[in-house]
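Numbers here simply count residues along the sequence, with the first being 1.
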Amino acid sequence: MLKELDEIKSKATNELSGISDIKALEDWRVRYLGKKSALTQALRGLAALPVEQRKGVGASANETRAILDRHYREKKESLKQKAYQDLEGMITVEKDVTLPGHPIPLGHLHPTTQILQEICATFASMGFQVVEGPDVEWDYYNFEALNIPRDHPARDMWSTFWIDYQNERGERPMLLRTHTSPMQIRVMEKTRPPVRVVVPGKCYRYEATDATHETMLHQVEGLAVDENITLANLKGTLYEFARRLFGAERRVRFRCDYFPFVEPGVEMAIDCFACGGAGCRLCGNTGWIEIMGAGMVHPDVLRRVDYDPDVYTGFAFGMGAERIAMLRHGIEDIRLFYSNDLRFLRQF
Ligand code: FA5
C-alpha cells in the first residue's frame with residue numbers, strides 16, 4: 001500500500017509539471033484528489049486494513065494528499081498570473097492623461113463639532129479662553145465642590161454613570177462627568193482671577209433617550225470671575241452671544257432657576273425665531289426657547305478654591321451644544337446626530 005501511495009505521488013507530480021492550462025489542471029485535480037481518485041479510495045479503505053498497517057498507511061496517505069493539494073494550489077496561482085500577463089500583452093491601452101480623475105469624496109466636520117467651534121469662537125471674540133477637561137471625573141469635582149454633597153437630593157438632577165472602581169473606603173468616587181461644570185473648579189484651582197474661560201466637551205447621563213435627550217451630549221461651560229462682576233455682566237454677555245448666534249433681532253428672557261453652585265441661578269431663553277414669539281410647535285406654543293442654565297458663582301464655591309468672595313464675584317453658564325445646533329438648523333431629533341446616517345450628516 002505504501003508503495004502504491006509513493007507511485008501515485010510521483011506520477012501525479014510528473015504529470016503536473018507538464019500542465020499549462022487551467023482546464024488540464026482541473027482534470028488533474030479530479031484524477032488525483034477527487035472523490036473517485038486512488039488516493040481518496042485509499043483513505044476510505046483504511047478501516048479495512050489490519051490495525052498494525054492502518055497507522056502508517058493513514059499518515060502516508062494524508063501526507064501525500066497534503067503535498068498534492070499544495071502543488072495544485074501553487075500551480076493554479078502561477079497559471080492565473082500567467083493568464084493575466086498574457087492578457088495584458090494583448091491589450092494596448094491608449095492613455096489619455098487629460099481625462100479628469102475620479103472625484104475623491106471629501107468629508108467635513110460633524111455638525112456638533114461645527115456648532116462647538118462656532119460657540120467657542122463667539123466667546124473667544126469676547127475675550128474668553130477655550131480650555132478642555134477630562135470626561136472621567138472625580139465625584140469631588142462633578143458634585144462635592146459644586147455644593148452637591150453626597151446624599152443631597154440635588155444629585156437627582158444629574159442621572160450618573162458611575163465607574164466601577166472602589167477606593168479603600170468602599171466608595172465609588174469616579175464617574176463620567178454629567179456636565180462641564182467640574183471644569184469651573186479645575187480652572188479656578190489652577191489660576192487666579194481674572195478668569196474668563198469656555199469649556200466645550202462631552203458629558204454623559206444615565207437617562208432614557210428621546211427626541212431631546214441623549215446619553216452622551218456636548219456642553220459648553222462658561223466662567224468669568226473678577227472684581228466687580230455682576231448679574232448685569234452675565235446678562236450682557238449672554239445677550240450678545242444669543243444675538244450673534246441666532247440673529248441681531250433676538251430678544252432674551254432670564255428667569256429664576258436652581259443650580260446648587262450658583263446664587264442667584266437663572267435659565268435663559270430666546271424668543272422663538274420660527275414664530276417670532278407668537279407660539280408654535282418648535283417653542284411648544286410658549287414663544288420662548290430655553291437655551292441654557294446660568295447664574296452668579298456661589299460664594300461657597302469661590303471659598304473652596306481660595307478665592308475671597310468679598311473681593312471676587314463671577315458668573316457661570318452651561319448650554320447643550322446639540323440643542324443649540326437643533327435650534328439653529330431645525331433638527332427635530334437629537335438621536336440623528338450619532339446614528340451615522342450620511343443622508344443626515346451631509347446636510348451640514
Ligand atoms: C447643567 O448641566 C448645569 N451644569 C448648567 C449650568 C452651568 C448652570 C453653570 C449654572 C451655571 P442642565 O442639566 O440643565 O444644567 O444641562 C444644561 C443643558 O444641557 C440643557 O439646557 C440641555 O441643553 C443640555 N442637556 C442636558 N441633558 C441633556 C441630554 N440628556 N441630552 C441632550 N442635551 C442635554
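- Under the rule for a side-chain contact (heavy atoms from CB on, under 4.5 Å), the partners of D257 that lie at least two apart in sequence or sit in another chain are F259, E267.
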Quiz item: Run the side-chain contact (heavy atoms from CB on, under 4.5 Å) check on H71 and L16 step by step: do they pass?
Solution: CA-CA 8 Å; H71 287 342; L16 189 67; 3.5 Å; yes
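- Among residues two or more places apart in sequence or in another chain, the side-chain contact (heavy atoms from CB on, under 4.5 Å) test is passed with P103 by none.
- A salt bridge links D139 with R150: the closest approach of a Lys/Arg side-chain nitrogen to an acidic carboxylate oxygen falls below 4.0 angstrom.
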Under 3.5 Å, which donor-acceptor pairs do the side chains of residues 119-132 form with other protein atoms, sequence neighbours left out?
{"from": "T122", "atom 1": "OG1", "to": "E118", "atom 2": "O", "distance (Å)": "2.7"}
{"from": "S125", "atom 1": "OG", "to": "T122", "atom 2": "O", "distance (Å)": "2.7"}
{"from": "S125", "atom 1": "OG", "to": "R244", "atom 2": "NH1", "distance (Å)": "2.4"}

Quiz item: T112 and Y338: side chain to side chain donor-acceptor pair (under 3.5 Å), yes or no, with the steps?
Solution: CA-CA 10 Å; T112 305; Y338 307 112; 2.9 Å; yes
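- Partners of R186 under the salt bridge (Lys or Arg N to Asp or Glu O under 4.0 Å) rule, at least two apart in sequence or in another chain, are E137.
- At a threshold of 4.5 Å between side-chain heavy atoms, the hydrophobic network of Ile, Leu, Val, Met, Phe, Trp and Tyr places V220 and L327 in one connected group.
- How far CD1 of I8 is from OG1 of T13: 11.0 Å, rounded to the nearest 0.5 Å.
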Quiz item: After noting the C-alpha distance and the side-chain angles of E26 and Y72, does the key distance pass the side chain to side chain donor-acceptor pair (under 3.5 Å) rule?
Solution: CA-CA 9 Å; E26 203 43 34; Y72 164 73; 3.3 Å; yes
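- Under a 4.0 Å N-O distance rule, the pair E214/R335 does not qualify as a salt bridge.
- With sequence neighbours left out, K23 forms a salt bridge (Lys or Arg N to Asp or Glu O under 4.0 Å) with D27.
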Mind listing the side-chain donor-acceptor pairs of residues 57-64 below 3.5 Å, one per line with the distance, residues two or more places apart or on another chain?
{"from": "N62", "atom 1": "ND2", "to": "G58", "atom 2": "O", "distance (Å)": "3.4"}
{"from": "T64", "atom 1": "OG1", "to": "S60", "atom 2": "O", "distance (Å)": "2.7"}

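- Applying the side-chain hydrogen bond (donor to acceptor under 3.5 Å, both in side chains) test to residues at least two apart or on different chains, the pairs with a partner in residues 304-319 are N147-R304.
- Of the possible donor and acceptor atoms, one in the side chain of N233 sits under 3.5 Å from a partner among the backbone N and O of T230.
- Salt bridge annotation for E207-R205: absent, with no cationic side-chain nitrogen under 4.0 angstrom from a carboxylate oxygen.
- Applying the ring-ring contact (aromatic ring centres under 6.0 Å, His included) test to pairs two or more places apart or on separate chains, those with a residue in residues 166-201 are W158-H179, H179-F261.
- Counting only heavy atoms from C-beta outward, the side chains of R65 and K9 never approach each other to under 4.5 Å.
- In terms of modelled atom types and a separation under 3.5 Å, the side chain of E290 and the main chain of M268 share no donor-acceptor contact.
- Between the side chain of D21 and the main chain of A24, a donor-acceptor pair closer than 3.5 Å is present.
- Remark: the backbone N or O of A154 is paired with a side-chain donor or acceptor of H152 at under 3.5 angstrom.
- Here D86 pairs with K82 in a salt bridge; the nearest charged N to carboxylate O distance falls below 4.0 Å.
- A distance-only check finds a donor-acceptor pair linking the side chain of T286 to the backbone of W288 [under 3.5 Å].
- Here ring-ring contact (aromatic ring centres under 6.0 Å, His included) pairs that include residues 29-61, with residues two or more places apart or in two chains, are W28-Y32.
- The salt bridge (Lys or Arg N to Asp or Glu O under 4.0 Å) test applied to K3 returns E7, not counting sequence neighbours.
- Side-chain contact between Q114 and F348 is present, with at least one heavy-atom pair separated by less than 4.5 Å.
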Report, one line per pair, each donor and acceptor closer than 3.5 Å where one atom sits in a side chain of residues 40-51; sequence neighbours left out.
{"from": "T40", "atom 1": "OG1", "to": "G34", "atom 2": "O", "distance (Å)": "2.7"}
{"from": "T40", "atom 1": "OG1", "to": "S37", "atom 2": "OG", "distance (Å)": "2.8"}
{"from": "Q41", "atom 1": "NE2", "to": "K35", "atom 2": "O", "distance (Å)": "3.3"}

Quiz prompt | From CA spacing to verdict: side-chain contact (heavy atoms from CB on, under 4.5 Å), H298, V301 | solution = CA-CA 5 Å; H298 197 290; V301 173; 3.9 Å; yes
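- In this structure, the side chain of H108 engages the main chain of L345 through a donor-acceptor pair within 3.5 Å.
- K75 contributes a side-chain N or O that, together with a main-chain N or O of I19, makes up a donor-acceptor pair within less than 3.5 Å.
- No donor-acceptor pair closer than 3.5 Å links the side chain of D135 to the backbone N or O of C203.
- With respect to the salt-bridge test (charged N to carboxylate O, under 4.0 angstrom), the residues R253 and D271 do not qualify.
- Comment: R70 engages E74 in a salt bridge, judged by a side-chain N to carboxylate O separation of less than 4.0 angstrom.
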Quiz item: Does the pair F337 and F344 meet the rule for a ring pair (Phe, Tyr, Trp, His ring centres under 6.0 Å), with working shown?
Solution: CA-CA 8 Å; F337 281 83; F344 169 73; 5.8 Å; yes
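- When side chains are defined from C-beta on, L217 counts as touching Q219, because their heavy atoms get closer than 4.5 Å.
- By the ring-ring contact (aromatic ring centres under 6.0 Å, His included) test, F254 pairs with no residue at all, sequence neighbours left out.
- Judged purely by distance below 3.5 Å, without hydrogens or angles, the side chains of S339 and D341 never pair a donor atom with an acceptor atom.
- Side-chain contact check for V136 versus R177: every heavy-atom pair is 4.5 Å or farther apart.
- Note: the hydrophobic cluster containing M183 does not contain M296 (ILVMFWY, side chain heavy atoms under 4.5 Å, direct or indirect links).
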Quiz prompt | Residues D69, R73; criterion salt bridge (charged side-chain N to carboxylate O under 4.0 Å, His left out); working and verdict | solution = CA-CA 6 Å; D69 197 51; R73 275 182 283 118; 3.3 Å; yes
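- Between E227 and P193 there is no side-chain heavy-atom pair separated by less than 4.5 Å.
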Practice problem: Start with the C-alpha gap between Q166 and E171, add the side-chain angles, then the distance that decides, and say whether side chain to side chain donor-acceptor pair (under 3.5 Å) holds. | Solution: CA-CA 5 Å; Q166 283 200 350; E171 300 155 345; over 6 Å; no
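- The six-membered or imidazole ring of Y204 lies away from that of F161, with a centre-to-centre distance of 6.0 Å or more.
- A pairwise comparison of heavy atoms in A242 and V252 identifies CB-CG1, 3.9 Å as the closest pair.
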Practice problem: Evaluate the criterion side chain to side chain donor-acceptor pair (under 3.5 Å) for residue pair E77 and Q81; output intermediate values, then yes/no. | Solution: CA-CA 6 Å; E77 190 52 40; Q81 291 301 333; 3.0 Å; yes
